[in-house]
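Working notes, structure below.
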Amino acid sequence: MRKQLCKGNEAIVKAAVLAGCRAYYGYPITPASEIAEAAALYLPQAGGIFLQAESEVAAVNMLYGAAAAGVRAMSASSGPGISLMQEGFSYLAGAELPCVVADITRGGPGLGNIAPEQGDYNQIVKGGGHGNYRNLVLAPASVQEMADLTTLAFDLADEYRNPVVVLADGNIGQVMEPVEFASRAFVPPPPEWTVRGTAETRHNLICSIYLEPDLLERHVRKLEAKYQRAEREAVRAECWRTEDAEIVLVGYGIVGRVLKAVVEMARARGLAVGLLRPITLFPFPVAQIRELSRRAKAFAVVELSTGQLVDDVRLALEGRRPVEFYSRVGGNVPSAEEVLAFVERKFRACAPMEEVLIHG
Amino acid sequence: MADYTVIHEKASSFYDVFERKAELQHQTHYCPGCGHGITHKLLAQAIDALGVQDRTVLISPVGCSVFAYYYLDVGNIQVAHGRAPAVATAVKRSRPESIVIAYQGDGDLAAIGTAEIIHAANRGEPITVVFVNNGIYGMTGGQMAPTTPLGGKTTTSPFGRNQWTDGFPMHVCELLASLEAPVYIERVALGNNKQIMQAARVLRRAVENQVKGLGFSFVEVLSPCPTIWKMQPVEAQRFVEREMTKTFRVTNLRDRTKEAPARPAPAPPPALVDIPRILGLVNGDGAATSEGRPPARPARALDVRIKVAGFGGQGVLMLGEVLAEAALDAGYEVSWLPSYGPEMRSGTSNCHVRLSSVAIDSPLVSRPNVLLALNEPSLRKFLAAVEPDGIILYNSEHLPEDCARPDVRMVTMPFTELADQLGNSKAANIVMLGALLETTALLDQERVTGALRRKVKSQKWFELDLAALAKGREEVRKGASS
């Protein structure tokens, strides 16, 4: 299929419908409302459900119902609405129900503003709800990835029976770029474990309550094993010009795009800079970061928060290499020139780095 | 109302043995004299009588009836506190043939789940909601409920429920009866055998309504809680009969089952092969929407970083979109990023457009080599950022004296007035586009007119835009020759 110009938020919905999503339950919020609007336009025509819920609390519980009934379903929101959905994420994960939620992040805390920020990292990646669960988290950096990772999100959600969050920022939601969609639509059959009001599913039960400590521990260990499997099998990251990189920049979403420009500019000035862009935020690309640390002398994390992703990079490196940090918040996205100045300030003193120490 | 038949055997929708229970699998976890046991059995009998056991999905709440799924031999979903109507909504919409029963207590439904029940009722979801009201939080050990009567002493109203600090007991049936959509709302009680017989009939009606495809049905069951009320079971039953019914009137509050219009059946889903067309990815004939032409190859190396800026309403975003669309058609990589939000509705607006013969790293344009400034604030805001040897098109007769940039090419023209001459000042953006194309030969005319054709739906506007393009080109040529 020929590439066509499409907004990031709209690409999510088109890819979702092609991937068999037949229900959207959500509450409008800037900068994610185009997702609800596109869903309202396309889902009824595709034989699906669109429902504007009374709140994000209701919306996420509707996802619970749709998933329990075996329908691929999604919602979308932004920071304040995602905060309200945290109860539901915990229940969905606890009851092992699949769903896809897009978080098109905006500035916080509180009402903050509607400009792009990455302050939802902790509440999405670390889990803002109660209990021992994780969301699987995908971080698109282009409209093509908004489409591709939404498709992947539905497959991962079913495979792991767990919520999957497409974590994008306001810029990736609003940007329009050429995108190529899957050429064929697909609706998977409902899984056996679902409750569909039929004789064959009558004895099925969806719940997240385990009164006996031993039973709950067994359940939590089962979830833990799934997350460990995801860490082995589902990690994705883009390494850009890292083969010979002495300085590795780390950033996701729109920042990943800015950092690509920084890499080129820095290289033009003689700095051996590369980029690691996590595509999955959970599972986190720990092995990739450690591998790069064999050659790189230092890492620099750039994010639109006061320091959330940087914690995971530091944990992955376990002190192997120094980690510098540059952040903008409040809706400001740093320009490539601004980040380049930071990189030069931090690393010019030690350039050229001829000698590369390799440990381990 | 149908006659009631006394049934002496257990309903088949009620499990013989409660295997999901850890121990004492032959008795329920409910206290002696609790109304849940009776309500469960009446519900099971209704399901049996209507022959819908296989089709039924029960939504268990949080509260004493959290384990309703231990007992009812139907499809079971246990949900978060108060959210049963939201979950039930999605189950019913996902599986319209299923019979969805949300079962909730008073804390669940009337406190934490108030929004969910009101909105499910207001949407007229064709589900059945059973609301067991015993005026107290049982599971958590006797705290005040929204339905606790005035003066009622609970662990969180130790001096009695006080209207000034705790409000009045909530009358949920009456609240829901203020909505248009519900077809059936009735309050029943478990205070004596006669009341229980009536409760059985009403519960059956409420499920039957769903079987018939009617709308939202709601049954409130006034129910004893001997343990928390600290009463003997018989005493508690009497309390329901004599005291609770004073606060909560046992009556039908809504019965529109006879006149309720039949709900329209959902349209059959389209064939999967039609989905790409529905999504606008292909035309009716299956061709890709961009006129079905094979993608062009970039004619030359290009790295254009454009900032378009002006007042909201000047067509800033549209101008950027046409450039991106035309360049995509010409085989270039493109990106278009708007400033978004309140800025779009008033004040200034801008967008970042990149056109490139190689993959685009960042869609953000911090150092434009083309600035299209539709007003003076935009010129001033972005003037300094324009790269040397770049080009600025500015919408005015004259450049402000302090805005000179000898190192960039400056095209200053009153685009709004030029568009006015064509009959509509709103075409100023396209006059500017014509001037840009004439000045830079950035893109072929046919790519731009093709993009306009796709973006502009009205023929009148399309023709105006073609005239505007020509006008912009012509003015630049005039300027060059003068």
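Excluded from the calculations below are hydrogen atoms, water molecules and symmetry mates; all remaining heavy atoms, backbone and side chain alike, are included.
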I need the residue from [options] with the largest number of non-hydrogen atom pairs under 4.5 Å to chain A.
{"options": "Ala324(B), Ser94(B), Ser98(B)", "result": "Ser94(B)"}
{"options": "His352(B), Arg83(B), Arg354(B)", "result": "Arg83(B)"}
{"options": "Asp274(B), Thr89(B), Val74(B)", "result": "Val74(B)"}
{"options": "Ile99(B), Ile118(B), Ile77(B)", "result": "Ile77(B)"}
{"options": "Asp73(B), Val100(B), Val353(B)", "result": "Asp73(B)"}

Point-to-point distance, once rounded to the nearest 0.5 Å, from [atom1] of [X] to [atom2] of [Y]:
{"X": "Arg367(B)", "Y": "Glu337(A)", "atom1": "CZ", "atom2": "CD", "result": "6.0 Å"}
{"X": "Ser142(A)", "Y": "Ile360(B)", "atom1": "OG", "atom2": "CD1", "result": "11.0 Å"}
{"X": "Lys3(A)", "Y": "Asp329(B)", "atom1": "NZ", "atom2": "CG", "result": "14.0 Å"}
{"X": "Ser362(B)", "Y": "Ile254(A)", "atom1": "OG", "atom2": "CD1", "result": "5.0 Å"}
{"X": "Gln4(A)", "Y": "Leu281(B)", "atom1": "CD", "atom2": "CG", "result": "5.0 Å"}
{"X": "Phe181(A)", "Y": "Leu279(B)", "atom1": "CZ", "atom2": "CG", "result": "8.0 Å"}

So do the side chains of [X] and [Y] get within less than 4.5 Å of each other, counting heavy atoms only?
{"X": "Arg95(B)", "Y": "Pro190(A)", "result": "yes"}
{"X": "Leu211(A)", "Y": "Phe67(B)", "result": "yes"}
{"X": "Trp336(B)", "Y": "Lys7(A)", "result": "yes"}
{"X": "Tyr64(A)", "Y": "Val79(B)", "result": "yes"}
{"X": "Glu177(A)", "Y": "Val334(B)", "result": "no"}
{"X": "Glu116(B)", "Y": "Val57(A)", "result": "yes"}
{"X": "Leu205(A)", "Y": "Arg20(B)", "result": "yes"}
{"X": "Arg93(B)", "Y": "Phe50(A)", "result": "no"}

Which of [options] touches chain B most, by non-hydrogen pairs under 4.5 Å:
{"options": "Glu212(A), Lys14(A), Glu10(A), Glu338(A)", "answer": "Lys14(A)"}
{"options": "Ala261(A), Gly47(A), Ser335(A)", "answer": "Ala261(A)"}
{"options": "Leu18(A), Val13(A), Thr201(A)", "answer": "Leu18(A)"}

Can [X] and [Y] be counted as an ion pair, charged N to O under 4.0 angstrom?
{"X": "Arg123(B)", "Y": "Glu54(A)", "result": "yes"}
{"X": "Asp361(B)", "Y": "Arg257(A)", "result": "no"}
{"X": "Arg196(A)", "Y": "Glu97(B)", "result": "no"}

Minimum heavy-atom separation for [X] and [Y], please, with both atom names.
{"X": "Val91(B)", "Y": "Gly65(A)", "answer": "CG2-O, 3.5 Å"}
{"X": "Ala66(A)", "Y": "Ala90(B)", "answer": "N-CB, 3.5 Å"}
{"X": "Leu51(A)", "Y": "Glu125(B)", "answer": "CD1-OE2, 3.9 Å"}
{"X": "Ser366(B)", "Y": "Ala336(A)", "answer": "OG-N, 4.4 Å"}
{"X": "Ile275(B)", "Y": "Ala46(A)", "answer": "CD1-CB, 3.7 Å"}

- Under the salt bridge (charged side-chain N to carboxylate O under 4.0 Å, His left out) test, which residues partner Glu56(A), sequence neighbours left out? none
Heavy-atom contact with chain B under 4.5 Å, split by part of [X]:
{"X": "Leu259(A)", "result": "neither"}
{"X": "Val187(A)", "result": "both"}
{"X": "Gln45(A)", "result": "both"}
{"X": "Ile49(A)", "result": "side chain"}
{"X": "Ala23(A)", "result": "neither"}

Measure distances from [X] to the heavy atoms of chain A and classify the residue's part below 4.5 Å as side chain, backbone, both or neither.
{"X": "Leu364(B)", "answer": "side chain"}
{"X": "His81(B)", "answer": "backbone"}
{"X": "Asn122(B)", "answer": "neither"}
{"X": "Ala22(B)", "answer": "side chain"}
{"X": "Pro363(B)", "answer": "both"}
{"X": "Tyr15(B)", "answer": "side chain"}

- Query: For Glu200(A), does the CD atom sit with more than 12 other heavy atoms under 6.0 Å from it, leaving out its own atoms?
  - Reply: yes
- Query: Are more than 12 heavy atoms from other residues, nucleotides or ligands located less than 6.0 Å from atom OH of Tyr70(B)?
  - Reply: yes
Could you list the donor-acceptor pairs under 3.5 angstrom formed between side-chain atoms of residues 57-66 of chain B and any protein atom two or more places apart in sequence or on another chain?
unit_1	atom_1	unit_2	atom_2	d
Ser60(B)	OG	Tyr69(B)	N	3.4

- Task: Begin with the C-alpha distance, continue with both residues' side-chain angles, and end with the deciding distance and a verdict on side chain to side chain contact (heavy atoms under 4.5 Å, CB included) for Gln78(B) and Ile206(A).
- Result: CA-CA 6 Å; Gln78(B) 196 289 318; Ile206(A) 303 295; over 6 Å; no
- Within the side chain of Arg184(A), is there an N or O that forms a donor-acceptor pair under 3.5 Å with the backbone of Val273(B)? no
